[in-house]
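Below is one structure, written out as structure tokens; comments come after it.
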2 protein chains.
Amino acid sequence: MKQSNPDPYTDLAYSIHAVGARATPARMRALAALRHAAQPLSHADIEAELSAERMPLIDRVTLYRVLDWLTEVGLAHKVVDFHGVFRFSANTPDAKHTQHAHFRCTDCGRVTCLDEPVPALPHLPRGFRLARVELDIQGECADCVASH
Amino acid sequence: MKQSNPDPYTDLAYSIHAVGARATPARMRALAALRHAAQPLSHADIEAELSAERMPLIDRVTLYRVLDWLTEVGLAHKVVDFHGVFRFSANTPDAKHTQHAHFRCTDCGRVTCLDEPVPALPHLPRGFRLARVELDIQGECADCVASH
DNA sequence: CACTAAACGCAACTTGGTTGCATTTGATAT
DNA sequence: ATATCAAATGCAACCAAGTTGCGTTTAGTG
């Protein structure tokens, strides 16, 4: 095994070896794409990004498998967007009970990412363990309220 | 126009005429299915249900169009489930700021519907108008926490 | 450097959803 | 009752996202 920079987050090979798996180009490049992304990326987004790098192309099936694998081992997180498409984001090391709120305008369809955390949570049935919270608020955005 | 039972919710034709549209069999049967359902139904669910009724079959494209139309005029509500599939539910007349919380187990995948409302909301940017809130909590359910 | 389980690449397939267009029909006006 | 016509339907073809099976390649180890 090649010696890796031991920074637990920056080094791609390190992160992958850390879960006891083979550090292949497809995994490293996909993970790199996710880590540099500002928002969750779809399979299509990542495919476009990877094929822009002038390197061997990665098969779409491989990419599907890599993304699901990254999710499985906890290096990535998978969500469904409002169009029903899966989107992936890198799990940062400090991502504990990540709370996230989105506002979607039912009129223009735009999605706004609210920065404020969810102020309170309903309490879960006994024995349940919480990991992540996603709050989706729907309504009309300021622009649409004004213009309609 | 045939005289309709004026109960604003029970009568299918009435509800549809109320939005100024033609009360066709496809629309009435789809709306009926949604109103009798306990949970949001997918296109496939509804198609199965309608073809079980011994009546003329409704084309799948028509059903897609009817469901989107019901959503458009406010008689139904459209959400994306965790598999990325659209699901529809009837809008009850008293459905104002419907709040709903789901718990999804990241291990077994089961979705539990939490009855408690969301206790508090982040406040929206100025001018935004809230209509509906959906809270998705992820983690491990009691069974999986115990058995693992 | 040889070995092998793990990962990859390709082709074919499935599912959910959409588009275009000719035909039918619900509600209205006669 | 019946003619009318925009609105809605049915059909066929299409598209995008995701999956499966299988033979080939390769990362990491002994």
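The figures that follow rest on heavy atoms only: side chains count, while hydrogens, waters and symmetry mates do not. For clarity, every value in this text was computed on a predicted model and none was experimentally measured. So you know, we letter chains A, B, ... as the sequences are listed, proteins then strands, and number each from 1.
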Legend entry - Net bend of the helix from C:dC1-D:dG30 to C:dT30-D:dA1, end axes of five pairs each, nearest 10 degrees: 30°
Inset, instruction - Tell me whether A:Ile46 is reachable from A:Val73 by hopping between hydrophobic residues (I, L, V, M, F, W, Y) whose side-chain heavy atoms are closer than 4.5 Å. - result: yes
Mind checking what makes salt bridge (Lys or Arg N to Asp or Glu O under 4.0 Å) contact with [X], not counting sequence neighbours?
X	value
B:Asp107	none
A:Asp136	none
A:Asp68	A:Lys78
A:Glu72	none

Using the test ring-ring contact (aromatic ring centres under 6.0 Å, His included), find all partners of [X] that sit at least two apart in sequence or belong to another chain.
X	answer
B:Tyr64	B:His43
B:Phe86	none
A:His102	A:His100

Legend entry - All side chain to side chain contact (heavy atoms under 4.5 Å, CB included) counterparts of B:Ser51, not counting sequence neighbours: B:Leu57
Inset, instruction - Check DNA chain C against residues 48-57 of chain A and give the residues with a non-hydrogen atom under 4.0 Å, in numerical order. - result: A:Leu57
Legend entry - Nearest listed nucleotide, side chain of A:Val61, among C:dC8, D:dT19, D:dC11: D:dT19
Inset, instruction - Could you tell me whether the side chain of B:Arg60 has a donor or acceptor atom within less than 3.5 Å of a complementary atom in the base of C:dG17? - result: yes
Legend entry - Nucleotide D:dA27, atom P - distance to NE2 of A:His17 in whole Å: 10 Å
With a cut-off of 3.5 Å and sequence neighbours excluded, list every side-chain donor-acceptor pair involving residues 117-128 of chain B.
none

Between the protein and nucleotides 6-8 of chain D, list the N/O to N/O atom pairs that are separated by less than 3.5 angstrom.
residue, atom, partner, partner atom, Å
D:dA7, O4', B:Arg22, NH1, 3.2
D:dA7, N3, B:Arg22, NH1, 3.0
D:dA8, OP1, B:Arg27, NH1, 2.7
D:dA8, OP1, B:Arg27, NH2, 2.8
D:dA8, O5', B:Arg27, NH2, 3.2

